[in-house]
Number of protein chains: 2
Amino acid sequence: MTASPAEPPRLRRSADDRRAQLVRIGLELLPTTPVQELTIDEVARRAGISRSLLFHYFATKREYYTAVTRAAADLLWEHLLPRPGTSPEERVSGMLDRYVGWVETYRETHLAFVRGAAGGDPWVSEVYEETRGRLVEAALDALGLPDDARRRQLILAWFAFTEDLVGQWALEPTMSRDELLALLRDVLDRLSAR
Amino acid sequence: MTASPAEPPRLRRSADDRRAQLVRIGLELLPTTPVQELTIDEVARRAGISRSLLFHYFATKREYYTAVTRAAADLLWEHLLPRPGTSPEERVSGMLDRYVGWVETYRETHLAFVRGAAGGDPWVSEVYEETRGRLVEAALDALGLPDDARRRQLILAWFAFTEDLVGQWALEPTMSRDELLALLRDVLDRLSAR
DNA sequence: TCGGCTTGCTGAGCAACGCTCAACAAGCTA
DNA sequence: TAGCTTGTTGAGCGTTGCTCAGCAAGCCGA
């Protein structure tokens with residue numbers, strides 16, 4: 001009853017190739033499955049390998065989905081990172097604009113990332129917090145403001161505000177894109193001025 | 001090697017008692033364990049019953065932890081709900097004040113609730129969204145503002161802002177309690193005026 | 001007091017999943 | 001072609017969610 005009449009010859013990949021493939025599969029599954037609920041079985045099946053091999057590359061399931069989360073975080077970070085040479089003013093609005101674009105394009109994946117990050121698992125949360133930390137620094141730098149604990153808190157909270165609002169807006173646009181950007185920018189300016 | 005020399009006689013509880021006990025145990029475990037990671041084994045052990053009995057009351061594990069989440073949401077809602085007879089002005093500040101108090105007192109449990117709610121599981125998210133919806137209505141009512149989609153989005157996003165900021169503040173107070181309340185109130189007023 | 005009924009409750013057991021381990025084999029190198 | 005490295009597998013174990021047939025606590029009518 002084996003479906004494939006002629007099994008394709010066993011293919012040996014380099015370690016790096018295999019790791020990259022496994023992480024890529026995890027990223028593909030992200031929109032439909034909360035990171036922590038990825039099953040080794042499913043991933044291995046998609047990669048066409050045995051479950052055991054996955055454990056050769058990632059000692060535990062947690063180590064695996066942390067790697068997937070980190071990959072998602074890196075994609076976001078690279079996309080938001082201001083290009084060198086842009087003026088401080090452009091940097092903030094550019095990042096904000098690119099963030100909205102990111103959510104518009106990868107809404108489900110991004111939501112899955114945020115959810116996975118918010119939801120419980122300390123290892124995943126750490127990756128997320130790390131990214132938020134980097135973003136705060138980039139924002140403070142672009143705004144030309146010193147980095148104190150109070151302002152840091154306010155900007156982090158503003159991220160939460162932004163994430164939530166942009167997520168809702170992408171589903172049901174209650175204002176124009178420009179209005180949204182202006183509103184977010186305005187709230188940020190008022191908060192960071194405090 | 002059985003610890004208890006004389007097993008206590010098997011005790012029969014009423015269905016309601018048992019359900020309540022199981023939910024209570026879930027709530028007690030919430031601060032230390034993400035809802036979805038509660039194990040039937042652990043809960044049953046704490047209740048002194050067999051795993052099977054838990055499935056008699058809750059058809060699936062998901063049904064169980066959804067009930068636990070709903071119980072947590074109800075506790076929060078009852079605590080925040082403005083007392084009848086208070087003026088609209090007092091209602092908003094009262095709710096805000098009680099919310100901060102709630103986080104101060106039950107920080108871990110509340111964080112666990114929010115995390116569980118944000119994290120993936122649609123059933124749990126639904127309970128959370130329902131509570132947020134009720135809170136928006138209460139807020140709009142107290143503010144004396146009409147209920148349109150745009151404002152709704154803004155207030156929901158403000159909730160995200162508030163949750164995040166109060167959570168951070170409770171860990172590391174970077175301002176006085178009154179300053180925090182004033183800031184939150186100010187942001188809310190500016191947003192809802194838009 | 002006793003039989004019978006309801007229903008709270010249990011234990012055995014299955015399937016899925018995370019994870020381990022000993023061993024096989026692809027493919028390079030001497 | 002022999003030998004070595006290492007990518008890869010299959011068998012199998014413990015835990016956990018879930019099922020099911022059946023036991024027994026406690027109430028009720030006679």
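Because the structure is predicted, anything quoted here is derived from the model rather than measured. Throughout, a chain's letter reflects where its sequence line sits, starting with A, and its residues are numbered from 1.
- Set against C:dT20, D:dG17, C:dG8, the side chain of A:Phe55 has C:dT20 as its closest nucleotide.
- B:Tyr57 comes within contact range of the sugar-phosphate backbone alone, with a heavy-atom separation under 4.0 Å but no base atom that close.
- Between the B:Gln168 side chain and the A:Gln153 main chain, a donor and an acceptor come within less than 3.5 Å of each other.
- Listed by chain and residue number, B:Arg177 satisfy the side-chain hydrogen bond (donor to acceptor under 3.5 Å, both in side chains) test with B:Asp97 (two or more places apart in sequence, or in another chain).
- The distance from atom CG of B:Leu22 to atom P of C:dG8 is 13 Å, rounded to the nearest whole Å.
- A distance of 4.5 Å separates CG of B:Leu54 from CD1 of B:Ile40, quoted to the nearest 0.5 Å.
- Checking D:dG7, D:dT9, C:dG11 against the side-chain heavy atoms of B:Ser52 singles out C:dG11 as nearest.
- Separation of the B:Tyr106 and B:Phe113 ring centroids does not fall under the 6.0 Å cut-off.
- A close approach under 4.0 Å does not occur between any side-chain nitrogen or oxygen of B:His56 and OP1 or OP2 of C:dC9.
- Donor-acceptor pairing under 3.5 Å, judged by distance alone, is present between the side chain of B:Arg12 and the base of C:dT7.
- Ring pair B:Tyr64/B:Tyr57: centre-to-centre distance not below 6.0 Å.
- We find that CG of A:Leu38 is positioned 16 Å from C1' of C:dA16, with the value rounded to whole Å.
- B:Tyr64 has its OH atom 15 Å from the P atom of D:dT16, to the nearest Å.
- Look at A:Arg62 and you won't find any side-chain N or O under 4.0 angstrom from OP1 or OP2 of C:dG18.
- Contact annotation for B:Ser14: no contact, since no heavy-atom pair falls under 4.0 Å across all strands.
- Of all nucleotides listed (C:dC9, C:dT20, D:dC18), D:dC18 comes nearest to the side chain of B:Thr60.
- The nucleotide whose nearest atom lies closest to any side-chain atom of B:Arg51 is, among D:dC18, C:dG18, D:dG10, D:dC18.
- Each of A:Ala59 and A:Asp41 was matched to the nucleotide of DNA chain C holding its nearest heavy atom; the match closer to the 5' end belongs to A:Asp41.
- The CG atom of A:Asp17 sits 11 Å away from the P atom of D:dG7 (whole-angstrom rounding).
- Rounded to a whole Å, the NZ atom of B:Lys61 is 17 Å from the C1' atom of D:dT19.
- Across the protein-nucleic acid pair, B:Arg13 atom CZ and D:dC27 atom C1' stand 20 Å apart, rounded to whole Å.
- Counting to the nearest Å, the C1' atom of D:dT15 and the CD1 atom of A:Ile40 are 16 Å from each other.
- The CD-P distance, from A:Gln21 to D:dG7, rounds to 14 Å in whole Å.
- Side chain B:Ser50 to base C:dG11: no donor-acceptor pair is found below 3.5 Å.
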